[in-house]
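Notes for the one structure printed next.
Below, chains carry the letters A, B, ... as their sequence lines are ordered, and counting in each starts from 1. Bear in mind that the values here come from a model prediction, so they are computed numbers and not experimental data.
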Number of protein chains: 2
Amino acid sequence: MTENSAIRTIPRKSLHEELVDRLQMLIITGELQPGTKVPEKDLCAQFGVSRTPMREALKVVASDGLVRLEQNRGAWVSPLTISEVEEVFPILGVLEALSGELACQNITDDEIAAVRALHEQMISSYEARDLEAYFSVNQKIHRAILKAARNDTLTTSCQALSLRMQRARYLANMSDERWAAAVQEHEKIMEYLALRDGKQLARTLLAHMRGKQASVTKWLQSQGGQV
Amino acid sequence: MTENSAIRTIPRKSLHEELVDRLQMLIITGELQPGTKVPEKDLCAQFGVSRTPMREALKVVASDGLVRLEQNRGAWVSPLTISEVEEVFPILGVLEALSGELACQNITDDEIAAVRALHEQMISSYEARDLEAYFSVNQKIHRAILKAARNDTLTTSCQALSLRMQRARYLANMSDERWAAAVQEHEKIMEYLALRDGKQLARTLLAHMRGKQASVTKWLQSQGGQV
DNA sequence: AACTGTAATTTTGAATTCATAATTTAGTCA
DNA sequence: TGACTAAATTATGAATTCAAAATTACAGTT
């Protein structure tokens with residue numbers, strides 16, 4: 001292993017995988033506006049790639065539902081609608097509930113300690129009213145529980161569905177009441193996880209997801225029901 | 001609507017979508033052997049298409065997990081393993097349970113009647129020990145319940161995950177006891193659906209899925225744990 | 001000015017081409 | 001004979017090219 005070997009590091013992902021990630025991010029952050037056409041040519045120029053890998057990536061992103069392909073008319077950014085939220089959150093609810101149950105069966109003491117550390121960090125972010133940090137740590141907690149569930153397929157499924165809701169989380173703010181309630185729910189989540197009480201944890205995660213759904217729906221409604 | 005309009009029907013799917021379906025079928029039926037390389041060139045010749053749409057389709061199929069892409073080494077048919085079965089069935093379980101709950105909230109009397117007709121048909125197939133017909137009608141029942149749940153995302157998610165298990169259902173036979181038990185479970189499913197008892201239907205569908213998992217796992221074990 | 005039909009332009013879907021990486025084959029030497 | 005190396009072959013990933021479809025621009029008509 002000389003230093004030279006690092007100079008020409010093999011790209012960790014293939015071009016099209018990299019592009020899938022980039023496209024997802026562009027859509028989640030709203031840089032690609034919902035309902036608009038995906039500017040294929042421009043994106044190719046922007047990323048310095050030809051149309052072939054870009055179009056491969058678009059096919060994959062379309063199969064996840066973030067864009068819609070129309071025959072001979074190109075790719076369009078799917079808007080996030082209330083009805084989509086009402087479809088996806090209940091699914092995410094039962095999946096997270098399952099992840100909670102499985103996590104209680106498989107999580108180690110060390111992992112519980114790690115989640116507790118994240119939990120404390122999240123509380124601090126809440127007390128400092130640092131939404132950015134709060135969201136980030138929040139995600140880490142959910143990911144840690146998913147990881148403890150020892151089910152990669154479940155992780156993949158959750159992440160694919162979450163992705164479609166991420167746009168709302170990126171753009172929407174929570175109300176003060178909702179934020180407080182969410183923190184309360186997380187206290188319970190932490191408690192039941194530490195007790196390894198799968199049934200109760202599942203119940204709480206499901207309720208937590210219902211709360212999120214209501215919050216996102218409310219915000220979406222204030223936005224005219226879309227995006 | 002003249003007869004002429006049918007002569008030049010617009011292809012209902014784009015080339016790559018069609019190829020996605022074909023590839024999935026080739027893998028499910030075992031024509032493409034698990035663990036082997038996907039013969040890209042041969043398939044292109046077989047279907048009379050160039051590599052571009054075939055490779056687009058492979059990217060999509062890979063994102064569903066039926067094939068694995070290896071950098072510079074092409075696409076490989078993913079084997080169906082016990083650990084994958086143990087990951088996917090619990091997920092399908094909670095998703096079908098959810099579909100049952102939602103179906104009870106939304107299903108019409110006509111739809112219940114239609115499911116009952118399918119149910120009777122399935123019983124006949126069972127009594128005639130016609131496994132082929134039984135599987136076919138069975139699938140229709142599950143699809144009808146999913147449809148009554150009025151959640152397209154749930155339908156898509158279930159179908160994507162089912163696809164990966166379909167190989168086992170295609171190749172595996174059920175034991176007599178398992179088949180009898182499955183039919184019993186379906187009696188209950190029909191009963192609770194007719195009563196629109198979401199909670200009980202969910203419970204039954206979950207148990208039904210657990211039975212399927214055990215059956216498939218047992219068969220997979222008899223096959224050396226794979227395929 | 002609004003509408004219709006047609007030509008020019010652009011975009012899309014798919015085939016082809018090309019450079020590079022992986023694999024196979026052939027050849028060399030112990 | 002068998003292991004190793006180098007050349008040849010093949011397959012892969014990505015860019016380019018090409019035909020067909022869609023969109024735009026525009027002229028002629030009312």
Under 3.5 Å, side-chain donor or acceptor atoms of residues 88-103 of chain A against the rest of the protein: list the pairs with distances, not counting sequence neighbours.
| unit_1 | atom_1 | unit_2 | atom_2 | d |
| --- | --- | --- | --- | --- |
| A/Glu96 | OE1 | A/His142 | ND1 | 3.0 |
| A/Ser99 | OG | A/Glu96 | O | 2.8 |
| A/Glu101 | OE1 | A/Lys199 | NZ | 3.1 |

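Using a 4.5 Å heavy-atom cutoff, the side chains of A/Val227 and A/Arg167 are not in contact. Looking only at side-chain heavy atoms (C-beta outward), B/Met165 and B/Ser162 stay at 4.5 Å or farther from each other.
Summarising the geometry, the separation between CG on A/Leu43 and C1' on C/dT11 is reported as 14 Å, rounded to the nearest angstrom. Between the P atom of C/dA14 and the CD atom of B/Glu18 lies a distance of 11 Å, rounded to the nearest Å.
Residues that satisfy the salt bridge (charged side-chain N to carboxylate O under 4.0 Å, His left out) test with B/Arg143, not counting sequence neighbours, are absent from this structure.
Look at A/Arg210 and A/Glu86 and you find no salt bridge, because none of the NZ, NE, NH1 or NH2 atoms lies under 4.0 Å from a carboxylate O.
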Indicate for each nucleotide in nucleotides 10-17 of chain D, in 5' to 3' sequence, whether protein heavy atoms under 4.0 Å reach the base (B), only the sugar-phosphate (S), or nothing (-). -SBBSBBB
